[in-house]
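A short write-up of the structure that comes next.
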Amino acid sequence: MAYTTHEIQRIESKWQAFWQKQKTFQAEADPSKKKFYCLEMFPYPSGRIHMGHVRNYTIADVVARFKMMQGYNVLHPIGYDAFGQPAENAAIKNSTDPGKWTYRCIEQMHADFIKMGFSYDWDREIATCDEQYYKWNQWIFIQMFKKGLAYKKASPVNWCPSCETTLANEEVIENKCWRCKNEVEQKDLEQWYLKITEYSEQLLQDLGTLKNWPLRVCAMQENWIGKSYGVEMYFKEVKTGETIPIFTTRPDTIFGATYVVLAPEHPLVERLVDGTSRETDVKVFIEKTKNLSKSLRMSGDQRKEGVFTGAYAVNPVNGEEVPIWIADYVLMEYGTGAIMAVPTHDQRDFLFAREHSLPMRIVIQDPQRPDLTVEKMTEAYVGPGKLVHSQRFDGLENEGAKHKIAEWMEGQKTGTITVHWRLRDWLISRQRYWGTPIPMIYCKTCGTVPVPDQDLPVVLPKNIQITGEGGSPLAQCKDFVEARCPKCGASARRETDTMATFFDSSWYYLRYCDAHNHDKIFDEDKARYWMPVDQYIGGIEHAILHLLYSRFFTKFLRDLGLLKIDEPFDRLLTQGMVLKDGEVMSKSRGNIVDPGSVIERYGADTLRLFILFAAPPEDQLEWNDGAIDGAWKFLSRIYNAAQKRHRPVKGDFDARNFDQDDQGLYRELHAAIRKVTSDFSEDLKFNTAIAQIMILMNRLEKFDPCGDEGKQALLNRAIETVILLLAPIVPHLCEELWQTMGFSPSVMKAKWPCFDEQALLQRTALVVVQVNGKVRAKVELPADAAEEVLRSLVLANEKIAGYVSGKEIRKFIVVPNRLISIVV
RNA sequence: GCUGGAGUGGCGGAAUUGGUAUACGCGCUGGUCUCAAAAACCAGUGUCCUUACGGGCGCGUGGGUUCGACUCCCACCUCCAGCACCA
């Protein structure tokens with residue numbers, strides 16, 4: 001038999017059936033066993049799996065299987081992030097039901113996962129669109145509502161006109177909808193929010209505890225949360241006496257503030273200009289900025305436009321009256337929507353001041369240019385220096401002056417030391433059908449009332465006509481909208497918005513711990529046993545969205561008393577993308593390689609091996625048709641070795657009788673165990689682990705047992721080791737060969753091999769000899785010999801003598817068993 | 001602009017953390033087998049000089065530290081990713 005397509009298919013389906021039947025990967029919480037929770041980001045069920053899934057889930061599968069062989073009690077579940085817009089769009093297009101479409105996709109994906117040989121505990125498979133799942137979305141929402149963490153407010157929101165729904169800040173990428181890439185508009189709506197900002201400080205602080213997360217993910221979250229320390233200062237408008245709070249991180253420049261700028265949307269603007277000669281100009285400008293889309297306003301040359309309001313404000317530190325302007329470069333969403341402008345030390349203010357001939361004053365002296373004047377300035381000076389023109393603070397270094405001025409202003413009650421956050425509350429209302437109904441009822445007398453627990457879930461009605469037009473589909477479903485008030489029983493109206501699907505995925509890893517609990521979101525003891533997730537694997541695109549929301553939910557559920565942990569994911573790996581011809585695989589580019597056709601021809605094992613060998617998991621991976629052939633050849637060689645060269649023997653080998661050949665193979669064998677074990681457990685560098693197994697194979701194939709029983713026993717051991725080390729990567733073939741070699745299945749229950757430190761010790765070492773930094777010879781020398789011995793041996797070497805003789809040896813450096821460096 | 005990361009053969013990528021640069025694989029060249037081809041196996045494969053022995057040069061660029069630098073330090077270039085009129 002050869003490792004042909006036919007044979008591959010026989011082997012793979014045989015073992016897939018075996019695992020299914022034996023429930024090899026079923027997990028049971030058992031506090032007496034060491035647990036390992038291995039998780040991949042669950043897929044959106046869109047049909048057949050693609051190479052991105054294959055890569056993500058193969059990496060996870062190797063970790064899960066490896067930990068299992070190491071004796072851990074492994075939880076490795078899968079499910080489907082099944083609510084969401086693509087199902088709705090597909091339903092509109094094919095005039096079918098989003099539910100039917102989704103469940104069909106789930107079926108296909110499930111089948112594909114089986115074909116890949118993934119080690120899932122199928123008894124825990126979940127789909128977020130199941131009533132028994134989204135019931136708990138609603139339950140969490142109500143708990144949040146009760147704690148004041150879910151609330152409704154009217155506010156300008158991000159609106160995607162093409163998806164006809166609102167979007168969270170995190171879903172807006174460069175002012176475009178993350179899903180359909182259409183330009184996002186602003187709209188005033190009353191919507192549900194989750195108060196994630198309540199956890200800003202913790203979400204930021206605890207990033208420091210995530211030692212096993214990629215730095216860049218933590219950095220991205222830190223930027224997103226965006227904590228900045230500063231002072232809120234109170235300027236007073238001269239005529240009305242109204243207070244204008246402004247936020248600044250640079251209180252050290254307050255004496256250089258020569259004007260104030262409000263955002264065009266600032267509520268004070270109207271009051272300042274109404275009935276004045278500036279009214280028309282200001283209103284024309286406001287209209288103009290409104291009509292400019294946000295991305296246009298922020299793009300291009302960033303020229304700053306604005307108009308004078310005619311009003312003045314008093315600088316609280318020196319009583320100076322400064323003009324109040326409005327300008328497009330001040331945003332209502334950040335800070336207080338008003339700034340003090342210090343053109344000498346802020347480049348944006350500088351450009352604006354030049355454009356509109358506004359006054360400037362230097363208050364920080366550039367130590368390199370003591371003669372610098374406002375007239376000579378070509379750009380704002382943003383470096384450090386001593387304060388000038390700042391009254392009592394003159395002469396202070398500006399860094400230190402920040403605190404001094406802030407404290408002084410607080411004492412004067414002209415300012416407050418504050419912290420500003422970039423993070424906003426999470427807008428979760430969506431005007432779409434295929435999502436979790438928000439479990440709220442509006443009663444004329446009782447107001448907004450949550451649906452009582454016993455009435456959960458609020459079931460998403462089926463057989464809804466979805467046209468994609470005319471607003472929220474649920475609002476048009478009379479039976480759904482009409483309800484009774486849970487408090488007073490009067491007729492009431494149901495909330496018709498559904499939840500953003502990121503709500504669903506913010507806690508699914510907890511549900512896996514106890515997937516079929518009908519009475520509770522999950523059993524606390526089970527969650528305590530399994531959580532946190534030990535290894536989480538998924539795409540970098542979730543660096544902020546899903547990973548931030550999940551951290552928030554974990555902290556909330558902890559505060560409810562359901563969890564004891566602060567963070568859900570201990571180790572995080574973000575896998576790279578799969579490319580073809582240097583570009584991301586995508587339908588529109590037409591460069592998709594379908595995993596199904598690769599499996600059909602080469603088998604899942606070959607695909608798994610290739611995808612792990614081609615690049616380290618975090619890097620991008622370039623698809624290569626030739627290299628996949630190479631992966632298959634390698635498996636073919638293993639197949640042949642196990643089938644033809646593994647023979648039963650009576651005794652075992654004895655290391656004391658080893659000749660040089662035996663010694664070499666034995667050493668390579670243990671080098672492979674060591675390398676593979678560390679690569680699998682630490683950096684998850686599967687490419688180098690596989691390379692090491694290949695080295696062992698190369699050695700093993702050259703090894704000739706010469707009919708000797710001891711040698712044959714050693715060869716057997718080497719082949720068995722290859723099978724064990726490769727089993728997490730290439731599970732079907734290894735199960736088959738494990739059985740062929742006479743062991744009882746499953747190889748997953750076999751013990752992971754241990755390496756023998758002694759085996760790696762060598763009697764002699766090939767030592768490189770350098771003279772004046774250049775490699776001049778390679779000499780076989782006794783291992784761990786004393787310097788004196790080495791010295792005489794090396795100097796006796798003919799080649800070295802040629803370089804050294806007659807010269808004074810100034811240094812003789814020994815790196816044990818590796819290198820000798822001579823300086824003459 | 002800020003943040004994080006990367007630059008090594010024809011290609012994907014290694015390098016025990018300062019110690020033989022290019023492991024492993026792909027590709028390519030030559031050979032064995034064959035009527036022939038494929039497969040398989042064997043050998044070679046950074047670059048320049050040399051018939052050869054051998055030697056020079058080579059990890060984005062330039063400098064530095066060191067007996068020794070892909071690795072550490074300084075300055076710069078290029079590319080990728082994320083954020084961004086954030087006050």
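Just so it is clear, the model here is predicted, and its values are computed rather than measured. Chain letters run A, B, ... following the sequence lines, proteins first, then strands; residues in each count from 1.
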Can you give me the closest heavy-atom contact between A/Phe680 and A/Pro728, atom names plus distance?
CE2-CG, 3.9 Å
Roughly how many Å apart are B/U78 and B/C86, using the P atom of each and rounding to a whole number?
24 Å
Check this one for me: any side-chain N or O of A/Lys685 less than 4.0 Å away from OP1 or OP2 of B/A15?
yes
Indicate the ring-plane relationship of A/His542 and A/His546, choosing parallel, tilted or perpendicular according to the 30° and 60° boundaries.
perpendicular
Which value, in whole Å, describes the distance between the C1' atoms of nucleotides B/A87 and B/A6?
33 Å
Just how far, in rounded Å, is C1' of B/A84 from CZ of A/Arg348?
10 Å
If you take the centroid of each ring, where Trp contributes its six-membered ring, are A/Trp632 and A/Phe610 closer together than 6.0 Å?
no
Among residues 809-817 of chain A, which residues get a heavy atom nearer than 4.0 Å to RNA chain B?
A/Lys811, A/Ile813, A/Val815
Determine the Euclidean distance between corresponding P atoms of B/C72 and B/A15; express it in Å to zero decimal places.
14 Å
Can you check the A/Ile638 CD1 to B/C24 C1' distance for me, whole Å?
13 Å
When you measure from the side-chain N and O atoms of A/Arg818 to the phosphate of B/G18, is any distance below 4.0 Å, counting only OP1 and OP2?
no
Looking at B/G68, which nucleotide sits across from it as a Watson-Crick or G-U wobble partner, both distances under 3.5 angstrom, or is there none?
none
Have a look at A/Lys633 and say if it touches a base, only the backbone sugar-phosphate, or nothing, with a 4.0 Å heavy-atom cut-off.
sugar-phosphate
Name the nucleic acid region contacted by A/Gly226, choosing base, sugar-phosphate or nothing; use a 4.0 angstrom heavy-atom cut-off, strictly under.
nothing
Where the side chain of A/Arg776 is defined as all heavy atoms beyond and including C-beta, which of B/A87, B/G4, B/G56 is the nearest nucleotide?
B/G56
A/Ile246, A/Ile244, A/Val330 screened by side chain to side chain contact (heavy atoms under 4.5 Å, CB included) with A/Leu262, the one that passes:
A/Ile244
Considering every strand and a 4.0 Å limit on heavy-atom distances, what is the contact class for A/Thr249: base, sugar-phosphate, or nothing?
sugar-phosphate
Now, which nucleotide makes the Watson-Crick or G-U wobble pair with B/A84, with each of the two distances under 3.5 Å?
none
Could you check how far CD1 of A/Ile729 sits from P of B/C24, rounded to whole Å?
18 Å
Could you tell me the Watson-Crick or G-U partner of B/C53, where both distances fall under 3.5 Å? Say none if there is no partner.
none
Syn/anti state of B/U66 by chi, 90° boundary around 0
anti
When you measure from the side chain of A/Tyr334, which nucleotide among B/A87, B/C83, B/U20 comes out closest?
B/A87
Contacts of A/Gln692 and A/Lys778 projected onto RNA chain B by closest heavy atom; the upstream (5') one is A/Lys778
Okay, side chain of A/Thr721, backbone of A/Leu669: is any donor-acceptor separation there less than 3.5 Å?
no
Which nucleotide wins on minimum distance to the side chain of A/Lys774, given the candidates B/C57, B/G5, B/U3?
B/C57
Side-chain atoms of A/Asn698 come closest, of B/C24, B/A87, B/C57, to B/C24
Could you measure between the two C1' atoms, the one in B/C33 and the one in B/C42, and give it in whole Å?
11 Å
Examine the side chains of A/Tyr334 and A/Ser228 and answer whether a donor and an acceptor come within less than 3.5 Å of each other.
yes
Between B/U22 atom P and A/Ile695 atom CD1, what is the distance in whole Å?
13 Å
For B/G58, give the paired nucleotide (Watson-Crick: N1-N3 plus N6-O4 or O6-N4; G-U: N1-O2 and O6-N3; both under 3.5 Å), or none.
none
Distance-only side-chain donor-acceptor flag, A/Tyr803 / A/Arg776, under 3.5 Å
yes
Sole residue of A/Val322, A/Thr309, A/Ile339, A/Asn315 in side chain to side chain contact (heavy atoms under 4.5 Å, CB included) with A/Val260:
A/Val322
Distance between P atoms of B/G60 and B/C70 (Å, rounded)
10 Å
With P as the reference atom in both, quote the distance from B/U71 to B/G7 in angstrom, rounded to an integer.
11 Å
Please name the pair of heavy atoms, one in A/Phe569 and one in A/Ser550, separated by the smallest distance, quoted to 0.1 Å.
CE1-CB, 3.8 Å
Using heavy atoms to find the nearest nucleotide of RNA chain B for A/Arg250 and A/Arg216 separately, return the residue whose nucleotide is more 5′.
A/Arg216
Whole angstrom is fine here: how far is it from CZ in A/Arg637 over to C1' in B/G25?
10 Å
Could you please name the partner base of B/G18, counting Watson-Crick and G-U wobble pairs only when both distances are under 3.5 Å?
none
Within less than 4.0 Å of OP1 or OP2 of B/G55, is there a side-chain N or O belonging to A/Tyr803?
yes
How many whole angstroms separate atom CG of A/Asp679 from atom C1' of B/A23?
13 Å
So does A/Arg422 get a side-chain nitrogen or oxygen closer than 4.0 Å to the phosphate oxygens (OP1/OP2) of B/A84?
yes
Where A/Thr336 and A/Pro245 come nearest, the two heavy atoms and their spacing:
OG1-O, 2.7 Å
What does the B/S/- profile of nucleotides 7-13 of chain B look like, 5' to 3', with a 4.0 Å heavy-atom cutoff to protein?
-----BS
Consider the side chain of A/Ser821, meaning its heavy atoms from C-beta on, and name the nucleotide among B/C85, B/G19, B/C83 that approaches it most closely.
B/G19
Heavy atoms of A/Asp679 and A/Ala689 approach each other most closely as OD2-N, 3.2 Å
Looking at B/C67, B/C24, B/C86, which one has an atom nearest to any side-chain atom of A/Leu331?
B/C86
If the C1' atom of B/A69 is compared with that of B/U8, how far apart are they to the nearest Å?
14 Å
With a 3.5 angstrom cut-off on both distances, give the Watson-Crick or G-U wobble partner of B/G9, or none if there isn't one.
none
Any side-chain donor-acceptor pair under 3.5 Å between A/Asn698 and A/Arg637?
yes
Ignoring the backbone of A/Thr248, work out which of B/A87, B/A81, B/G82 is nearest its side chain.
B/A87
Could you check which of B/C24, B/A21, B/G82 has an atom nearest any side-chain atom of A/Met694?
B/C24
Syn-anti status, with the boundary at 90° from 0, for the nucleotide B/G9:
syn
Could you tell me whether A/Lys227 contacts a base, only the sugar-phosphate backbone, or nothing, with contacts defined as non-hydrogen atoms closer than 4.0 Å?
nothing
Write down the distance separating the C1' atoms in B/U22 and B/G44, rounded off to the nearest Å.
16 Å
Can you tell me if A/Glu170 and A/Trp426 form a side-chain donor-acceptor pair at under 3.5 Å?
no
Contact class for A/Arg674 vs. all strands (heavy atom < 4.0 Å): base, sugar-phosphate, or nothing?
nothing
Using every non-hydrogen atom in the two residues, find where A/Met233 and A/Thr248 come nearest and quote the distance to one decimal.
CE-CG2, 3.7 Å
Just the rounded figure in Å: distance from P of B/G25 to CG of A/Leu726.
14 Å
From the list B/G68, B/G56, B/C86, which nucleotide is the closest neighbour of the side chain of A/Gln770?
B/G68
Tell which nucleotide pairs with B/A40, taking only Watson-Crick or G-U wobble pairs whose two distances are both under 3.5 angstrom.
B/U32
